[in-house]
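For ligands, and for the atoms within them, numbers begin at 1 and follow the listed sequence. Just the heavy atoms: all of them, side chains too, but no hydrogens, waters or symmetry mates, feed the values below.
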Amino acid sequence: MKTKFPLEKFKQLSTPFYYYDVDLLKETAQALKNEADKYGYIIHYALKANPNKKILDILKEYGFGADCVSGNEVQRAIDCGFSPDHIAFAGVGKTDEEIETGLDHKIFTFNCESIPEIENINELAKKRDVVADIAIRINPNVDAHTHHYITTGLEENKFGISRWQFQEVADLLKSLKHVRLISLHFHVGSQITDLNVFEALCDKVNEIQDWFKSQGFVFKHVNLGGGLGIDYTAPNEHPIANFIDYFAIINKNLKVEKGQKVHFEIGRAIVGQGGNLITKVLYVKHGQKKSFAIVDAGMTDLIRPALYQAVHKIENITSTGAEKVYDVVGPICESSDCFAQGIAMAEANRGDLLAMRSAGAYGEIMASQYNLRKLPEHYYSDEL
Ligand SMILES: *Cc1c(COP(=O)(O)O)cnc(C)c1O
């Protein structure tokens, strides 16, 4: 399904703003649910990709749990009606206050990323005389073949617990009374488009589960995290992520214990394609070597190109002119405030509206007020 832009309505709105295609979001959520249900897999929506209340309201209707990386995200998920026993809480630096939020609500798991964190959760749970269910986040040393800023499963990354620490963790867990290890957790990166990565991940998960089993641990759950990529270059051709092959690969390669539940934490692949950043062309500046389309959105509204060298397809949605080549740049006083270089799009003129596609994940929530700018507004297709 191709996103349609209501141009007459857009022309009455001040730019830049995010525009969410609710039909596509729902279609994507349904496709994900259908595929996951085939194998009995449990999906948690990774809130950090886009924690807008309306999006959470829609996604919870599909029965997804939540994956949170801060106490505020845990609170937001609960406020939006996600059941605490479907909330996983990850992050390398959970504060005591955040852990207490999780304990207050008896969340599904704390996904622990270090030995001192496990000890701290044990202490905080002991003070309340409760037992916290935990997973340990394993750093499996699997290369996600994605941008190095969004690779998380390599030995050199700050995330998770590595192989050489397993024995110490296993011994520690046997001695602690206020944490119960119920799951292993893995999350090796984001925007992963090479599905072989997930096959390699399954091999590691199988091997690591066997090791823990040999130490007497039984896991009711195993959590493979998220990271499935989307097609940023061709959003119209591939509006829905490849859930079919993704789960088929996992199903083929993951050894699942009898009665064990397999969990996923999917963010980008659910919400990425449904969002667009709509911006207006302020000026077209012709240089000797190139032409700049200077737009009113900046890296403060969508930081992914500047931060991760990310590609977003940019379409001129109000021009029918012949294609020309542009650098599309924002107004911020930083050279990295550039959305694309040397791209072809319909001839741009002052006042044209451009759509930066596939901006539903890690877009609006990363907006900042640098240069004392206004935060972008957002609109939903079913409300305009
Ligand atoms: C960010 C994150 C996710 C979601 O990643 P996507 O690439 O958006 O699917 C899942 N799990 C954890 C622990 C994360 O930090």
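- Side chains of Asn253 and Asp203: no donor on one and acceptor on the other come within 3.5 Å.
- Applying the salt bridge (charged side-chain N to carboxylate O under 4.0 Å, His left out) definition to pairs two or more places apart or across chains, those involving residues 348-362 are Glu315-Arg357.
- Using a 4.0 Å cut-off between charged nitrogen and carboxylate oxygen, Lys126 and Asp129 do not count as a salt-bridge pair.
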Any protein N or O within less than 3.5 Å of an N or O in ligand 1? List each pair with its distance, or say none.
| from | atom 1 | to | atom 2 | distance (Å) |
| --- | --- | --- | --- | --- |
| ligand 1 | 7 (O) | Ser190 | OG | 2.3 |
| ligand 1 | 7 (O) | Gly227 | N | 3.4 |
| ligand 1 | 8 (O) | Arg268 | N | 2.8 |
| ligand 1 | 8 (O) | Tyr362 | OH | 2.6 |
| ligand 1 | 9 (O) | Gly227 | N | 2.9 |
| ligand 1 | 9 (O) | Gly267 | N | 3.0 |
| ligand 1 | 11 (N) | Asp67 | OD2 | 3.2 |
| ligand 1 | 11 (N) | Glu265 | OE1 | 2.7 |
| ligand 1 | 15 (O) | Lys48 | NZ | 2.7 |

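- When all heavy atoms of Ala293 and Met345 are compared, the pair lying nearest together is CB-CE, 4.1 Å.
- Note that Lys54 lies in the cation-pi zone of Tyr380, set by a 6.0 Å cut-off to the ring centre and a 45° limit from the axis.
- Judged by a 6.0 Å distance limit and a 45° cone about the ring axis, Lys94 is positioned over the six-membered ring of Phe89.
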